[in-house]
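Read the numbers this way: they start at 1 and go in the same order the structure lists the ligands and their atoms. What you see below is based on every heavy atom in this structure, not just the backbone, and it leaves out hydrogens, waters and symmetry mates.
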Amino acid sequence: MKIVDVKSYVLESKLKPEQYFTWAQAKVTSRVEALLEIFTDEGVSGIGEAFGFSPMAVKACADHSYKPLLLGENPLDTNRLWDKLYTATRMEGQKGVTVQALSAVDIALWDIKGKIFKTPVANLLGGRYREWVDTYPTGLYRKDVKNQTAALVEEARGYLDKGYRAMKLKIGFGLEDDLGKIAAIRKAIGPQIRLMLDANCAYNASEAIWLGQRAEKFDIFWLEEPIPPEDIQGHLEIKEKIKIMLASGESEFTRYGFRDLISKRAVDIIQPDLCSVGGYSEMMKIIALASTWNIRCIPHVWGTAVGLAANLQLQAAMPHFPTSLNPEQSLIEFDRTPNPLREELVEERFEMDGTKMKIPERPGLGVTLNRKALEKYRIGHP
Ligand code: CA
């Protein structure tokens, strides 16, 4: 079997003004994603997704750097092809767009592998720990409204009504401002619900410590990306000074990037993104690395229905470490902001039972691209 073609797609869905939302670094007015498809001479094809906000750059890397190296190759050789592509761009691409594009390639190759062996990707990753995975909503962003606190409280109450037992609040909008919102949300949801905070790298270590110490009384389950990922020493200082678990990793890449976070014990929870760290091949190595330090892995998830499907397969195969009779259960991040690319891009519907999501049992990623939706949202050059 040989790879005969590689196609990449840049998708954009413009949001309506009333759907705009803001995180600590940017206001989101449209959703953009990059997908990639690999075709074989046996008629089987696979689909993958790259996380990130530079999909045109992902496409340029996929089309010009990776495609020529993939044509004629055996798509089942996932580890060897990963090494080949990573090595080809290593000098300029150890982190960032090149690895994100490589992630889409790797996920598409695993989709092909699953279809060839007629089994879900999870079964090829080591088998299934679970058939259902609990979700936690990522929402509680800032919106274009006069009373932010009231809007956040209303949204949080909506998640409560849907039965969620955990939710994540976006912070990073100013220390005192953040504290006010944290207090209001905790008051609204009561003491039983897990509340996480995500600052999207808005602070330095001293500020994060100031905030984290004052947030402790609101029983925060984890504090996510309080500072930029490059500052590993800052992570260690925060861990020393606050009692909230520190989470990070969505801006980190490959086993080499995670080696430093893990081996220095710079975080309590790693959050690698399957569509950004290098795909399944690399993610399984990162998970193995984390398991040797007993550091929890709760992947970051964002993007289209393809990325969600890929993450569900990963979730099935996520091990517990350490093991016990009643271990902390795996959790999948469930973006609740408006995104037609998450709703329309595949033919299948994701089955839910309350807040739990069913892990599909169809071969590969278990999804079929909706070609009409693909054309509807596709932008730029073919
Ligand atoms: Ca985040």
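For the Ca ion (ligand 1), the set of nearby N, O or S atoms under 3.0 Å includes one belonging to D198.
Looking at heavy atoms from C-beta onward, F334 lies out of side-chain contact with T355 at the 4.5 angstrom threshold.
Of the candidates K2, K67, R80, E73 forms a salt bridge (Lys or Arg N to Asp or Glu O under 4.0 Å) with just one, namely R80.
Taking the six-membered ring for Trp and the full ring otherwise, W222 and Y136 have centroids separated by under 6.0 Å.
Salt bridge absent: R31 and E12 never bring a charged side-chain N and a carboxylate O closer than 4.0 Å.
Residue-level check: among N/O/S atoms of E224, OE2 sits closest to the Ca ion (ligand 1). Nearest N/O/S atom of E250 relative to the Ca ion (ligand 1): this is OE1.
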